[in-house]
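Counting convention: from 1, in listed order, for ligands and their atoms alike. Values in this document were obtained by computation on a predicted structure and should not be read as measured data. Note that these values count all heavy atoms, side chains included, but never hydrogens, waters or copies made by symmetry.
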Amino acid sequence: MTTTVLDHPLLHHKLSLIRDRKTPGSLFRALIEEAGLLLAVEATRHLPTESVVVETPLERTGTQRLKSLDPVLVPVLRAGLGFLPAFLQLMPTAKVGHLGLYRDHDSLVPVPYYRNFPPLLEARPVFILDPMLATGGSASEAVRQLKAAGGVNLVLVSLLAAPEGLARLQGDHPDLHLVLGAVDRQLNERGYILPGLGDAGDRLFGTA
Ligand code: PRP
Ligand code: URA
């Protein structure tokens, strides 16, 4: 498994505001989107390009364009939706799949409730969007479902990860690529990331 933790002053600054319990919901949502933009730049670093020739208003020149079919973005509902606008801003022709998972409050096991993936997963780079990687159960299930549907080139983008979740993914999906904003200390007894940011879905959508 390859793991990149983005070390960038703008991300550190935004994360300090995102973690702050006093940050209101509207600002929290905007900051998650901005953090998503920074992570999207890193997550797309290895997209293949090909040489093309274009005519500028002045002369012909060689330049680079994306080579593969449009990427697929798969936000894990609900919190993954917070990253989607940023990724679509950078890749407006991307296809979007949706995966509904929620953690059972007692067992922390992910419960699937919705799934809609675009075709040709096997031929496209797939970006799985979920700001939170806690026990790793949801991410592991998302990767399992995408692989079963044909996906091979999978990148998981998360803002915060717990060591427990990273260990789980390393065991379940050693071929996965991860792009993270930070690795936090540990999980608490209810499976929340410490120090973390609380419940991402609730803070994004005002359901706390
Ligand atoms: C959160 C988060 C992840 C999951 C991470 O979703 O967005 O999908 O928990 O936890 P895990 O690594 O232990 O599986 P949640 O289940 O709270 O659903 P929600 O976004 O709809 O609130
Ligand atoms: N999901 C969240 O939203 N926050 C956590 O800390 C863990 C799982």
Pairwise, report which nitrogen or oxygen atoms of ligand 1 are under 3.5 angstrom from protein nitrogen or oxygen atoms, and how far apart they are.
{"residue": "ligand 1", "atom": "7 (O)", "partner": "D130", "partner atom": "OD1", "Å": "3.0"}
{"residue": "ligand 1", "atom": "8 (O)", "partner": "D130", "partner atom": "OD2", "Å": "2.5"}
{"residue": "ligand 1", "atom": "12 (O)", "partner": "A134", "partner atom": "N", "Å": "2.8"}
{"residue": "ligand 1", "atom": "12 (O)", "partner": "T135", "partner atom": "N", "Å": "3.1"}
{"residue": "ligand 1", "atom": "12 (O)", "partner": "G136", "partner atom": "N", "Å": "2.8"}
{"residue": "ligand 1", "atom": "13 (O)", "partner": "R103", "partner atom": "NH1", "Å": "2.7"}
{"residue": "ligand 1", "atom": "13 (O)", "partner": "T135", "partner atom": "N", "Å": "2.9"}
{"residue": "ligand 1", "atom": "13 (O)", "partner": "T135", "partner atom": "OG1", "Å": "2.6"}
{"residue": "ligand 1", "atom": "14 (O)", "partner": "S138", "partner atom": "N", "Å": "2.9"}
{"residue": "ligand 1", "atom": "14 (O)", "partner": "S138", "partner atom": "OG", "Å": "2.6"}
{"residue": "ligand 1", "atom": "16 (O)", "partner": "R103", "partner atom": "N", "Å": "2.8"}
{"residue": "ligand 1", "atom": "20 (O)", "partner": "R78", "partner atom": "N", "Å": "3.1"}
{"residue": "ligand 1", "atom": "20 (O)", "partner": "A79", "partner atom": "N", "Å": "3.4"}
{"residue": "ligand 1", "atom": "21 (O)", "partner": "R78", "partner atom": "N", "Å": "3.3"}
{"residue": "ligand 1", "atom": "21 (O)", "partner": "R78", "partner atom": "NE", "Å": "2.9"}
{"residue": "ligand 1", "atom": "22 (O)", "partner": "R78", "partner atom": "NE", "Å": "3.4"}
{"residue": "ligand 1", "atom": "22 (O)", "partner": "R78", "partner atom": "NH2", "Å": "2.8"}

Please list every donor-acceptor pair under 3.5 Å in which a side-chain atom of residues 71-85 meets a protein atom from a residue at least two apart or in another chain.
{"residue": "R78", "atom": "NH1", "partner": "T207", "partner atom": "OG1", "Å": "3.0"}
{"residue": "R78", "atom": "NH2", "partner": "D202", "partner atom": "OD1", "Å": "3.1"}

Extract all donor-acceptor atom pairs below 3.5 Å that involve side chains of residues 117-130 and protein atoms in other chains or at least two apart in sequence.
{"residue": "R124", "atom": "NE", "partner": "P119", "partner atom": "O", "Å": "3.2"}
{"residue": "R124", "atom": "NH1", "partner": "D70", "partner atom": "O", "Å": "2.8"}
{"residue": "D130", "atom": "OD1", "partner": "M132", "partner atom": "N", "Å": "3.2"}

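- When all heavy atoms are compared, the tightest approach of G191 to A134 is O-CB, 3.6 Å.
- Minimum interatomic distance between L38 and L11 (heavy atoms only, all atoms of both residues): CD1-N, 3.7 Å.
- Considering every non-hydrogen atom in both L101 and A142, the closest pair reads CD1-N, 4.3 Å.
- When all heavy atoms of L154 and L176 are compared, the closest pair comes out as O-CD1, 3.6 Å.
- For K147 and D172, the salt-bridge test fails: no basic side-chain N is under 4.0 Å from an acidic carboxylate O.
- Under a 3.5 Å cut-off, the side chain of S16 and the backbone N or O of H13 do form a donor-acceptor pair.
- Using a 4.0 Å heavy-atom criterion, the residues that approach ligand 2 are R103, M132, A134, G191, Y192, I193, G198, D199, A200.
- In terms of modelled atom types and a separation under 3.5 Å, the side chain of R203 and the main chain of I18 share a donor-acceptor contact.
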